[in-house]
Visitor: 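Sending over a structure as structure tokens; questions will come in a sec.
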Protein chains: 2
Amino acid sequence: MTAPTGRRRPAYDAASLLTVAVAEFNTRGYDATSMEDLSRAAGITKSSFYHHVSGKEELLKAALTRALDGLFGILSEPESLSGPALDRLRHIIYRQVEVLQSELPYVTLLLRVRGNTETERWALARRRAFDASIASLVAEAVADGEVRAGVEPSLAARLLSGTVNSISEWYRPGRPGSDALPGEVVRIVGEGIIPPA
Amino acid sequence: MTAPTGRRRPAYDAASLLTVAVAEFNTRGYDATSMEDLSRAAGITKSSFYHHVSGKEELLKAALTRALDGLFGILSEPESLSGPALDRLRHIIYRQVEVLQSELPYVTLLLRVRGNTETERWALARRRAFDASIASLVAEAVADGEVRAGVEPSLAARLLSGTVNSISEWYRPGRPGSDALPGEVVRIVGEGIIPPA
DNA sequence: CGCCGTCAACCGAACGATCGTTTCAGGGTC
DNA sequence: GACCCTGAAACGATCGTTCGGTTGACGGCG
């Protein structure tokens, strides 16, 4: 997690400081986290911290970029590009849960962005674009008759995204059953959580 | 929305100021919202604002109390207390969506609490207690054999709460179909969003 | 009716604390 | 000695909050 190229002191690379910073952002919230908090969590003083990173918002942007790259990468995968709309949708959901697991802190931070700064608004717009592509895929599946009647596409898409994204609020890596989670989510989202009356 | 008893100047009562404050909290985030922002949104100066409210955290507490009272009120309703576990669960979900609609700003604020202050930790604990009572109801329904096999109760409960709570991120009152939303959510949560393979 | 004391409502200015960020004077290693 | 790293101290800005004073409508009194 340290020693950039093997020279000089132990030193802190930008990557490990980002890890620390994002963890703090997620526990206290971005606005409530001070640079003092970040440097203390990293084990150095505030000014030393500034020698490695250019500012608070740069850390946020790096974290949000990582989360968005992970999510948009899903849309470029072959299984997301060809085949029946419903199959593509299931693959995207499966992979979205996987990315949420592997990039948990970054995705969590992304899902909490409010739009106060230019960076946050940029991330918000990108995230909305991701959700929109899922929504259009749901609409396509409905139009193709692959989804049972009575499902209002935009509502279904919103609940779908909401369900998947809510995982970030309780999932913690390393617990048993983590590997099975993506498949379980796809199954439950398909079969329903509790049976209808 | 104003004129407490009809005397003196136009005046602002505590209730309308709370409405304004919660709206600001939800757009900017609690920590990122200054008392200057709140007073400007209310149309008075910062010091005038302080004449009506005792402080920032008091506003937060009042809002969170209103949200929590609305949610816990559901658990005291007759339909939540007797009958098959699955019926009780469906009623609670239906009503939870209704409360989320009617108390949208307050519930939204509650769902974003991070636990920085004592007030936030109190709200967090109460909210967890609410979720726990739903989770135990799901487990009861599974134990009674009212839910199809293969559903892991704790996972189902978490996805269930996540799905319902995610509504606060996009629902806006006044749009057509609002009245049908609670029923739609109960139905979709039961039948699934997209059909299984 | 007219006058006045009273008090809630409001505002301008300032409080100490903390924010994100910068400066500068060293230490450590090559 | 050159270079990277570190930390103590301080920067202006803004935070939540308080203080002192002005305004103006109301109730009581002559």
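Chain letters run A, B, ... following the sequence lines, proteins first, then strands; residues in each count from 1. Treat the numbers as computed from the prediction; the structure is a model and nothing was measured.
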Visitor: Answer with yes or no whether the side chains of B:Thr119 and B:Glu57 bring together a donor and an acceptor at under 3.5 Å.
Guide: yes

Visitor: Counting only side-chain N and O atoms of B:Ser48, is one of them less than 4.0 Å from OP1 or OP2 of C:dC11?
Guide: yes

Visitor: So, A:Glu140 side chain and A:Ala85 main chain: donor-acceptor pair closer than 3.5 Å or not?
Guide: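 Side chain of A:Glu140 to backbone of A:Ala85: no pair is present.
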
Visitor: Got A:Val22 and A:Thr108 here, is their nearest side-chain heavy-atom distance under 4.5 Å?
Guide: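 A side-chain contact under 4.5 Å is absent here.
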
Visitor: From NE2 of A:His52 over to C1' of D:dC5, roughly how many Å is that when rounded to an integer?
Guide: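 So the two atoms are 6 Å apart, to the nearest Å.
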
Visitor: Could A:Glu118 and A:Arg121 be called an ion pair, given the rule that one side-chain N must be under 4.0 Å from one carboxylate O?
Guide: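 A salt bridge is present here (some side-chain N lies under 4.0 Å from a carboxylate O).
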
Visitor: Whole angstrom is fine here: how far is it from NE2 in A:His51 over to C1' in C:dC24?
Guide: 13 Å

Visitor: Nucleotide by nucleotide, 5' to 3', does protein get under 4.0 Å of the base (B), only the sugar-phosphate (S), or neither (-) in nucleotides 14-19 of chain D, counting heavy atoms?
Guide: -SBBBB

Visitor: Checking the side chain of A:Arg112 only, and the main-chain atoms of A:Asn26 only, is there a donor and an acceptor separated by less than 3.5 Å?
Guide: yes

Visitor: Between C:dC10 atom P and B:Arg40 atom CZ, what is the distance in whole Å?
Guide: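 So the CZ-P distance, B:Arg40 to C:dC10, works out to 18 Å.
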
Visitor: Could you point out which residue of A:Ile92, A:Leu137, A:Leu89 forms a side-chain contact (heavy atoms from CB on, under 4.5 Å) with A:Ser80?
Guide: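 Answer to the side-chain contact (heavy atoms from CB on, under 4.5 Å) test with A:Ser80 among A:Ile92, A:Leu137, A:Leu89: A:Ile92.
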
